[in-house]
Q: 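Just passing along the structure, written as structure tokens.
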Amino acid sequence: MKRRHFLQGALALPWLASCSSRQSGLSGQIVGANFALGHRLRQAGQATVRPPQKVDVVIAGGGIAGLTAAWRLSQAGVDDFVMLELEEDAGGNSRAARYPASPAPWAAHYLPVPTRESTVVRRLLREMGLLRGSNLFEEGQLCHANEERVYVLGRWEEGLFPKAGASSDDFRQLRQFEDHIQKWQKWRDRRGRKAFAIPMAFSSPELRYLDQISMAEYMARQHWNSPRLLWYVEYGCRDDYGCSLQNTSAWAGLHYFASRDGGGFEPKDLQFVWPEGNHRLVQHLERDLGQRLHTAQLVMRISRQGDLWEVQTQNQTWRARQVIYALPTFLRPYLLQEQARPQFTYAPWTVCNLVLDRLPPSVTREGAGLSWDNVLYDSPGLGYVVATHQTQSHLQGPSVWTYYRPWSELEPALARQQMLDSDWEGVCRQVFSELSPVHPDLREACRQLDVMHLGHAMVRPLPGFIWSQQRQAAAQPGKGIYFAHSDLSGFSIFEEASYHGVRAAQEALSDLGKAGADFLRE
Amino acid sequence: MAENNEAPGSSGILLISVFLVATCGLVYELIAGALASYLLGDSVLQFSTIIGDYLFAMGVGSYLAQFVGRRQPAVAFTRLQNSIALIGGFSAAAMHVAYSYSGGFRLVLYLLVFLVGLLVGVEIPLLMAILKRNYGFRELVSQVLALDYLGALLASVLFPLFLIPQLGLIRTSFCCGLVNVAVAWIFASSFRLRIPLLRAEMAVVGALLLGGLAASERITRWAEEGLYPDPIVLSRSTPYQRLVVTRKHQEIRLYLNNNLQFSSRDEYRYHEALVHTPLSCVKEPRRVLILGGGDGLAAREILRYKSVQQVLLVDLDPEMTALFRTHRYLSRLNDHSLSDPRLKILNADAFVWVSENKEPSFDAIVVDFPDPSNYAVGKLYTKTFYQRLHPLLAPGGALSVQCTSPLFARRSYWCIVETIKAAGWQVKPYHLYVPSFGEWGFTLASQDSPPEPDLRRLPVGLKYLDAAALPDMFLFPADMAALPSPINRLFDQVLVRYYEQDWRSIVDS
Ligand SMILES: Cc1cc2nc3c(=O)[nH]c(=O)nc-3n(C[C@H](O)[C@H](O)[C@H](O)COP(=O)(O)OP(=O)(O)OC[C@H]3O[C@@H](n4cnc5c(N)ncnc54)[C@H](O)[C@@H]3O)c2cc1C
């Protein structure tokens with residue numbers, strides 16, 4: 001036995017593995033964001049006009065907010081609606097790419113098990129058969145072991161906190177931080193509300209003062225200065241908000257760590273993960289839309305004409321009694337001709353899908369094995385997510401990796417400019433130079449690299465924004481118009497998008513006199 | 001001779017030579033240290049003895065330098081450089097081969113380190129002697145030493161960060177050899193040493209090194225082959241695994257990713273236990289499913305039953321099943337089971353296949369996967385996976401699962417058994433001794449009533465299973481007895497951690 005294992009060890013030596021330096025051809029492109037159409041928004045150019053069509057409800061935008069609004073309308077028996085979506089597919093930031101080896105997410109890639117307050121998500125998951133009663137999961141769709149690993153000082157470690165080389169002070173501060181978060185998880189106000197709930201609307205307003213300072217400031221006030229702890233916490237802010245510690249309000253930063261309480265399920269930190277990311281949820285939501293989904297439709301103007309709303313796209317005018325506006329809030333001045341410019345700011349992201357002929361042999365070297373989420377300590381990108389993690393029971397063969405890069409260190413406008421200026425080769429070079437020290441054989445295994453720049457990927461929870469008057473005002477309906485987008489929460493996750501989608505649909509239903517069950521509470 | 005015809009700017013070249021000589025020298029030393037600590041273990045010991053050896057050799061070299069190149073220091077330097085190129089350049093390959101094919105690895109290791117150290121030791125004083133013409137003594141010593149140490153710094157940074165990951169050891173050593181030749185060549189040209197023999201020597205060494213570089217993959221493979229106890233008759237890298245077949249006399253062994261899969265001498269024990277235990281529980285089995293088992297050996301046993309009409313074999317790797325279907329020795333081993341008209345091969349990942357499968361159910365299922373040594377393979381040992389097997393089994397059917405060794409990996413074994421039980425199966429754990437593996441374990445499982453193997457159903461012609469052996473397999477002596485264990489779940493694979501710990505404690509002991 002000894003000899004057999006010993007030989008294995010010897011044979012697994014990195015340098016014995018063949019590493020030919022062949023530079024195989026790499027294909028790929030910058031995809032997505034229907035720029036050509038999108039740019040017409042700011043041009044005065046008039047639309048080609050076909051005879052206007054009439055429907056009861058127009059849903060503008062086919063992201064999660066729009067899709068859940070449609071789902072809610074259908075549940076209430078309201079079927080006379082259309083959904084207008086700019087891209088070729090519905091889903092927005094929860095779309096997916098399709099490759100022969102596996103689909104892969106274009107942006108959103110996981111859904112934590114729902115909190116008790118996430119009634120919309122619970123209902124949806126029950127419908128999908130992922131949740132039976134209130135505690136039975138389809139285990140196969142929860143993230144398989146190992147969930148995440150971090151590369152630090154030349155080795156992979158399980159988990160996200162970079163332990164190698166950490167000092168006892170780093171660990172002490174980490175423990176303090178974790179205890180601190182647990183306290184916030186248990187905290188309730190006099191009316192029994194959580195400190196940090198998902199959906200955020202259920203959070204106690206008593207802690208709004210935490211929104212006034214940045215997470216960086218909060219950490220400083222707690223005397224947390226461990227570089228590793230700061231990295232770890234900032235990683236969370238970059239991951240969910242695309243923001244640095246300075247640009248994340250303390251309320252939002254704490255929300256990230258304290259809000260996912262496991263909803264009574266064990267273990268607490270489970271999440272749903274699919275090869276195609278959250279597009280799995282999109283597929284479920286869009287399955288009954290059929291002809292009502294109109295893609296490649298750029299909504300250019302939404303205006304009130306007498307008793308009706310008129311929604312104009314580049315080639316069609318719709319007249320509707322009600323409009324559900326499921327588009328980013330920053331477009332309102334353009335589309336609704338509103339004078340006020342809401343101070344909603346957005347973090348840009350770049351997402352890349354790397355199509356691999358085979359997993360590079362280096363995935364099994366140096367410590368913890370390949371995981372779903374693979375993070376590099378102290379690196380500009382967030383690392384990569386493995387699309388085949390849930391489907392394969394071997395560590396070879398083809399795969400797709402999704403690489404995430406928030407531009408949190410730059411001002412958004414500057415980052416957007418850089419993104420526009422960068423070409424495909426440049427992005428490839430950046431991605432490989434970041435990942436090659438860890439996977440020297442990656443370039444060779446990679447056949448295709450597709451890039452998506454998301455200029456307005458995520459609303460930014462800057463200090464003071466989440467609990468501001470204007471954020472709350474932006475969600476207020478007008479006459480026959482209802483607002484639904486995740487950015488109305490001040491940060492974008494599936495739970496918030498679906499909350500606003502369902503809320504807007506219910507507001508519309510109630511104006512139609514069809515108020516039924518309140519999905520937001522049961 | 002053209003000794004004094006020094007070209008302008010050559011002192012710059014000399015200083016660069018010092019730098020490169022130092023860099024390459026240290027790289028050779030690091031290669032030896034890394035190789036020795038990987039192959040022999042105990043890196044502290046290996047590195048200190050190698051550093052000691054190298055420094056001592058340098059000392060000897062420096063002493064001998066006074067006797068070398070008195071008349072023609074430049075020629076001597078060029079020759080030295082060329083020898084370092086040859087010895088150092090081939091050192092990694094030579095050590096690999098020595099490790100695989102002879103008992104004299106340590107001898108070769110220390111000898112090569114010594115030789116390189118010796119030559120480098122001669123070189124530095126020699127270079128100083130040449131440089132003395134252009135520099136004052138103090139200036140000279142300080143410049144040469146500074147560059148020498150700088151070269152060492154460069155080597156120690158380049159080695160782990162760039163050379164090992166990008167080139168690997170063998171290529172690194174050839175590349176350094178080429179650098180040495182290049183230094184020799186440039187040096188000779190700048191001193192206008194127009195000696196045909198000298199040039200020829202350098203050209204030959206350069207060509208040898210280039211040849212070695214080009215063949216380094218083959219050398220690697222050749223060295224690797226030496227690690228198997230028996231001669232390799234076939235080796236193949238498929239996208240999924242590295243497959244090696246060795247043969248000695250009549251014994252054929254299959255290694256997957258360097259793990260022994262079977263030896264033809266005793267695999268019948270393993271496969272009889274794996275197959276006949278579940279099949280003898282079933283009255284007239286007609287449809288049988290094999291998950292894994294691309295070698296066709298389990299299929300061979302299944303096809304012994306006259307009642308069997310269909311066998312479906314689901315294995316990941318198409319090259320593996322093709323090989324065992326067509327290869328002369330290998331298909332003889334499995335009695336051409338993979339070409340049998342009753343058998344259908346499906347190449348798919350079993351984890352995905354069992355969830356999507358729409359096949360009618362089977363009378364018996366044989367589950368034969370590699371051991372759960374990582375989280376990916378570990379999925380095939382989870383509660384979810386075993387639950388997904390339920391719809392695949394017909395009422396009254398039985399199932400067997402290979403479960404690693406209950407002796408060497410006792411916790412792992414019982415963790416698998418508990419997991420199968422938790423997935424709603426009635427289980428009977430069993431084990432037997434397979435000489436080439438040691439004590440090996442399985443689980444027999446069924447759905448409604450406990451599985452009952454029936455001796456009368458065993459086919460004729462078995463070599464191991466009989467009335468005496470069968471009941472014995474279900475008894476576990478104290479050192480393998482059941483341990484309470486948590487179950488292995490997709491999102492929390494305790495088994496993989498157990499497995500790693502269990503086997504590590506065996507290897508370490
Ligand atoms: C890189 C990245 C990773 C993420 N990862 C996660 C994750 O793992 N989990 C998670 O829960 N969330 C994640 N998110 C957040 C994600 O954005 C939300 O989960 C959700 O998809 C937001 O949905 P939405 O409907 O609010 O917005 P959007 O997705 O922005 O939907 C708006 C829709 O409107 C369309 N549109 C825009 N303008 C027009 C126009 N003029 N005319 C017509 N249509 C128009 C857009 O094409 C889009 O389809 C991630 C986001 C990003 C950018």
Side-chain angles (χ1 to χ4, degrees), chain A residues 1-21 137-147 154 158 267 269-271 273 357-359 361-366 368-372 388-398 436-441, chain B residues 34-35 38-39 41 92 96 99 160-161 164-172 217 220-221 223-224 227-229 237-241 257-260 316-317 349-352 355 369 374-380 382-385 387-388 408 438 489-493 496 503-504 506-507 509:
Chain A
M1 277 312 138
K2 199 170 170 165
R3 176 155 172 87
R4 187 171 73 121
H5 272 261
F6 170 62
L7 290 182
Q8 274 171 37
L11 282 169
L13 301 186
W15 56 79
L16 278 172
S18 71
C19 73
S20 112
S21 52
F137 288 105
E138 217 295 49
E139 275 188 20
Q141 302 187 31
L142 292 170
C143 187
H144 299 173
N146 184 34
E147 187 177 317
E158 285 189 13
D269 45 4
L270 298 175
Q271 42 187 277
V273 159
D357 278 333
R358 58 187 187 289
L359 286 176
S362 59
V363 295
T364 56
R365 280 181 212 148
E366 295 162 341
L370 188 66
S371 303
W372 169 68
T388 51
H389 182 77
Q390 297 291 96
T391 51
Q392 289 181 350
S393 61
H394 52 86
L395 286 176
Q396 300 86 16
S436 289
V438 185
H439 297 299
D441 43 7
Chain B
L35 196 62
Y38 266 100
L39 295 179
H96 264 108
Y99 179 75
L161 294 185
I164 287 300
Q166 293 295 328
L167 299 176
L169 275 193
I170 294 194
R171 280 205 188 85
T172 298
E217 207 144 308
T220 308
R221 210 169 310 136
E224 181 183 353
L227 295 178
Y228 291 92
S237 286
T238 80
Y240 296 102
Q241 51 208 344
N257 299 329
N258 314 305
N259 280 324
L260 178 63
L316 181 61
D317 190 353
D349 187 325
F351 184 75
V352 181
S355 336
F369 294 127
N374 61 52
Y375 288 121
V377 181
K379 291 183 190 186
L380 301 168
T382 53
K383 183 177 164 198
T384 302
F385 181 77
Q387 280 171 332
R388 289 178 183 174
F408 304 125
R489 316 189 75 163
L490 271 177
F491 54 80
D492 183 18
Q493 292 193 30
V496 174
W503 282 100
R504 196 187 305 140
I506 294 286
V507 176
S509 60

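First the proteins, then the strands, lettered A, B, ... as listed; each starts at 1. This is a predicted model, so every value here is computed, not measured.
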Q: Among B:Asp492, B:Thr172, B:Val352, B:Val496, single out the residue with the greatest number of heavy-atom pairs under 4.5 Å to chain A.
A: B:Val352
Q: Taking side chain as everything from C-beta outward and backbone as N, CA, C, O, which of these in A:Glu158 sits under 4.5 Å from a heavy atom of chain B? Side chain, backbone, both or neither.
A: side chain
Q: First locate atom NZ of B:Lys383, then atom CD of A:Glu139, and finally report the distance between them rounded to the nearest 0.5 Å.
A: 5.5 Å
Q: Under a 4.5 Å heavy-atom cut-off, does chain B meet the side chain of A:Leu142, its backbone, both or neither?
A: side chain
Q: Just give me the residue among A:Gly140, A:Gly369, A:Ser371 that pairs up with chain B most often, heavy atom to heavy atom, under 4.5 Å.
A: A:Gly140
Q: Please name the pair of heavy atoms, one in A:Thr391 and one in B:Asp349, separated by the smallest distance, quoted to 0.1 Å.
A: O-OD2, 3.8 Å
Q: Nearest 0.5 Å please: distance from the CG atom of B:Asp317 over to the NE2 atom of A:His394.
A: 9.5 Å
Q: What's the spacing between A:His144 NE2 and B:Thr382 OG1 if we round to 0.5 Å?
A: 7.5 Å
Q: So how far is it from A:His389 NE2 to B:Tyr375 OH, rounded to the nearest 0.5 Å?
A: 10.0 Å
Q: Does any heavy atom of chain B fall under 4.5 Å from the side chain of A:Leu270, the backbone, both, or neither of them?
A: side chain
Q: Would you mind telling me which of B:Arg388, B:Gln493, B:Gln387, B:Lys379 has the largest number of heavy-atom pairs within less than 4.5 Å of chain A?
A: B:Lys379
Q: What part of A:Gln390 gets closer than 4.5 Å to chain B, counting heavy atoms only: side chain, backbone, both or neither?
A: backbone
Q: Are the side chains of A:Pro267 and B:Phe491 in touch, meaning some heavy atoms are under 4.5 Å apart?
A: yes
